[in-house]
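In what follows, every chain begins at residue 1, and chains take the letters A, B, ... in the order their sequences are listed.
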Number of protein chains: 2
Amino acid sequence: MAVTIKQIAELAGVAPTTVSLVLRDSPKVGRATKDRVLRIVEDMDYYPNHSGKMLKQGRTDAVAIVSSLFQNIFKMEFVNGVERAVHGGPFQLRHYYAEAGSEPAKCKEILYGKMADAVLAMSMLAPPDFLAKIKASRKPLVLVEDVVEGFPGVRFDNYAASYEAVRYLAGKGRRRIAISLAMKAYMGHCFVDERLRGYIAASRDLGLEYSEIIELPAYDLGAGRIMVERILDKSEPPDALFCASGDLTAASFLKQARVQGLRVPDDIAVMGFDDSIIAQTTTLGLTTVRQPSTEMGKAALDLALRLIDGEAEAFSMIVTFPPEIIVRESA
Amino acid sequence: MAVTIKQIAELAGVAPTTVSLVLRDSPKVGRATKDRVLRIVEDMDYYPNHSGKMLKQGRTDAVAIVSSLFQNIFKMEFVNGVERAVHGGPFQLRHYYAEAGSEPAKCKEILYGKMADAVLAMSMLAPPDFLAKIKASRKPLVLVEDVVEGFPGVRFDNYAASYEAVRYLAGKGRRRIAISLAMKAYMGHCFVDERLRGYIAASRDLGLEYSEIIELPAYDLGAGRIMVERILDKSEPPDALFCASGDLTAASFLKQARVQGLRVPDDIAVMGFDDSIIAQTTTLGLTTVRQPSTEMGKAALDLALRLIDGEAEAFSMIVTFPPEIIVRESA
DNA sequence: TTGTAGGCGTTATCAA
DNA sequence: TTGATAACGCCTACAA
């Protein structure tokens with residue numbers, strides 16, 4: 001059995017209350033007593049039981065991240081941002097996994113069961129009645145990526161990102177721009193739709209008549225081969241490829257393009273999406289659209305803390321991050 | 001205030017005990033009562049308070065990862081392995097950060113304060129007296145990477161990895177092999193020493209007289225430039241570079257080599273370390289030593305669970321993972 | 001099949 | 001400056 005505050009109190013010849021006060025460095029307790037208690041605490045390796053504390057105080061000093069398991073660089077970097085922001089503060093980070101579709105149930109369990117003081121829900125498709133309940137109870141829930149008007153959230157402007165990417169490529173004289181996406185794999189998630197809409201809108205606004213949408217089964221290293229083959233198959237191949245499917249797929253394309261003799265950027269310009277570390281490790285620097293994942297993680301935590309504090313405005317605040325084109329060599 | 005088991009009991013006209021039993025699906029309670037209680041639980045959005053439960057049960061159903069903040073692909077992939085292993089089980093993962101040097105204090109706080117049932121400590125330099133205490137109290141602590149004989153741990157055979165890498169390069173006819181490392185940055189951590197010793201031993205055993213150790217300030221993208229310049233400066237440059245400093249630095253080298261006209265692998269063969277995703281996204285496939293980080297994460301969790309279960313052998317078990325050479329194009 | 005009572009370890013309140 | 005007492009919400013005997 002672990003050491004309790006009672007045992008410390010007994011050994012020090014004081015009451016548990018006193019020990020508690022000493023540990024919180026209260027000025028109301030005398031020097032001598034304090035020193036004596038602290039020595040015993042040290043000697044006995046006493047640390048307050050966290051559950052007892054939480055139960056009494058009604059808080060957990062923890063923030064939870066809920067997400068389904070799909071592996072994804074954005075998620076890693078986002079989490080990293082949250083971690084950095086949490087670091088040094090009084091909060092602790094907890095990770096909870098939920099099968100795709102079961103995220104709302106998991107959020108409820110955490111918030112209602114006081115497993116954490118706030119939840120950051122990543123890419124969660126949230127039913128309206130669920131959100132209404134959360135909102136009514138003023139539970140601190142931050143939506144990340146798939147936000148909903150009227151609820152606290154953090155998002156990236158995927159539409160603008162796509163639009164700007166196409167505009168950049170067109171500005172470089174490219175007229176036949178293809179886009180790659182994994183629509184089926186991420187059905188329902190706003191970022192897919194938004195990126196596609198941005199592409200379509202920009203093409204229209206810029207008077208580009210060419211359109212080629214390459215559907216990928218996943219955002220992985222198999223993408224390069226699929227894209228190259230699709231492109232070589234066309235009688236009128238694109239002169240630019242916008243990998244809205246991410247830097248990883250763009251890197252995969254660069255690699256496969258070299259194998260099959262497609263020259264980048266001469267034959268075809270390539271743009272990625274995310275500006276993850278991958279974009280900097282390809283031998284030909286990858287021009288890409290930066291999504292500030294780390295900053296978004298910080299913002300999400302910040303918003304969560306404001307919800308915990310009960311700041312009224314925060315309960316319907318959506319923080320949107322704009323895109324930035326990072327020019328390297330591939331386009 | 002959140003809903004409690006008492007309120008549910010009152011609404012259902014039963015005792016709290018009954019509600020508790022219903023929630024744990026006990027066969028000792030009648031169908032009718034069960035249904036009635038469950039409906040009210042649902043209606044009221046009742047979820048048991050986690051702190052209360054933990055306090056009573058004396059466990060947390062959580063495993064903690066303690067690490068200092070240094071960003072590192074091995075760590076990410078390791079954590080990913082733990083996450084996968086945790087997924088589906090009854091345990092939850094918690095992340096705790098500790099300034100380099102303060103990890104032991106953090107571990108104590110977590111284990112003695114019952115903030116988690118077990119701790120995985122990454123790259124922690126643990127003082128002997130700290131370990132002795134932990135061992136005596138049979139607290140479930142798993143050392144990752146920097147393991148100590150007699151204590152539960154998970155490690156990669158860095159010595160063998162380095163040795164095999166050099167042997168591979170020598171087998172390819174390379175005689176002047178350089179190694180890159182960030183010794184000062186990771187002073188005291190075993191992996192640096194082991195990798196260096198493996199390099200030295202293999203060179204000696206294979207009769208290679210050439211030796212060149214490139215010290216890097218960090219494992220980042222600035223490494224390429226430093227390495228290329230160092231190499232071009234030599235009157236007798238190496239014909240192989242073993243980036244024991246990781247794939248990221250190797251990728252950085254490939255990129256810089258292209259800029260400065262060094263041909264890989266003709267002028268110089270390049271090997272990385274880790275086999276992270278980076279090794280697959282460089283345009284010229286990176287030959288590297290695979291460190292099975294994800295599997296190591298799984299193993300660490302597995303070991304932690306065995307410690308929690310009190311398996312005697314586990315308390316002095318060190319799981320070692322062997323290296324594997326992954327041949328691609330750069331060497 | 002259901003209810004009562006006590007305690008897990010802590011802190012807050014109030015009294016001394 | 002310190003101590004006694006009562007919760008926090010749950011679960012586990014044991015009793016009915």
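- Cation-pi check for A:R155 over A:F321 is not met; the charged atom does not lie both under 6.0 angstrom from the ring centroid and within 45 degrees of its normal.
- Checking the phosphate oxygens (OP1, OP2) of D:dC10, no side-chain nitrogen or oxygen of B:Y47 falls inside 4.0 Å.
- Candidate nucleotides C:dT2, D:dC11, C:dT11 were compared by shortest atom distance to the side chain of A:I5, and C:dT11 ranks first.
- Across B:E83, B:H87, B:R84, a single residue satisfies side chain to side chain donor-acceptor pair (under 3.5 Å) together with A:Y97, and that is B:E83.
- Atom pair A:Q57:CD and C:dA12:C1' shows a separation of 10 Å (rounding to whole Å applied).
- Computed from coordinates, the A:H50 NE2 to C:dT11 P distance equals 11 Å when rounded to whole Å.
- Atom pair B:Q7:CD and D:dG9:P shows a separation of 8 Å (rounding to whole Å applied).
- Look at CG on A:N49: it is 13 Å from C1' on C:dG7, rounded to the nearest Å.
- Residues A:K108 and A:K133 form a side-chain contact, since some pair of their non-hydrogen atoms from C-beta on lies under 4.5 Å apart.
- For the residue pair B:S123 / B:E145, a side-chain donor-acceptor distance below 3.5 Å is found, with atom types taken as modelled.
- Scanning residues 22-39 of chain A for heavy-atom distances under 4.0 Å to DNA chain C yields an empty list.
- The pair A:R39-A:D43 counts as a salt bridge, with a side-chain nitrogen and a carboxylate oxygen less than 4.0 angstrom apart.
- If you measure from atom NZ of A:K6 to atom P of C:dT11, you get 14 Å, rounded to the nearest angstrom.
- Residues B:F130 and B:M124 have side chains in contact (heavy-atom distance under 4.5 Å, counting atoms from C-beta outward).
- Comparing B:L21 and B:G52 along DNA chain D, the residue whose closest nucleotide (by nearest heavy atom) sits nearer the 5' end is B:G52.
- The aromatic ring centres of B:F156 and B:F191 sit 6.0 Å or more apart.
- To the nearest angstrom, P of C:dG9 lies 14 Å from CE of A:M54.
- When distances are taken from the side chain of B:K53 to each of D:dC10, D:dC8, D:dG9, the shortest belongs to D:dC10.
- Judged purely by distance below 3.5 Å, without hydrogens or angles, the side chains of B:K114 and B:T60 never pair a donor atom with an acceptor atom.
- B:L55 places its CG atom 14 Å from the C1' atom of D:dT12, with the value rounded to the nearest Å.
- Shown for residues 11-19 of chain B: residues whose heavy atoms fall under 4.0 angstrom of DNA chain C, namely B:G13, B:V14, B:A15, B:T17, B:T18.
- The side chain of B:T4 contributes no N or O atom lying less than 4.0 Å from OP1 or OP2 of D:dG9.
- One interatomic measurement links the two molecules: CZ of B:R59 to P of D:dC10, which rounds to 16 Å at whole-angstrom precision.
- Judged by distance alone, with hydrogens and angles left aside, A:K56 brings no side-chain donor or acceptor close enough to the base of C:dA12 to form a pair under 3.5 Å.
- A:Y112 carries A:K139 over the face of its six-membered ring, with the cationic atom under 6.0 Å from the centre and within 45° of the normal.
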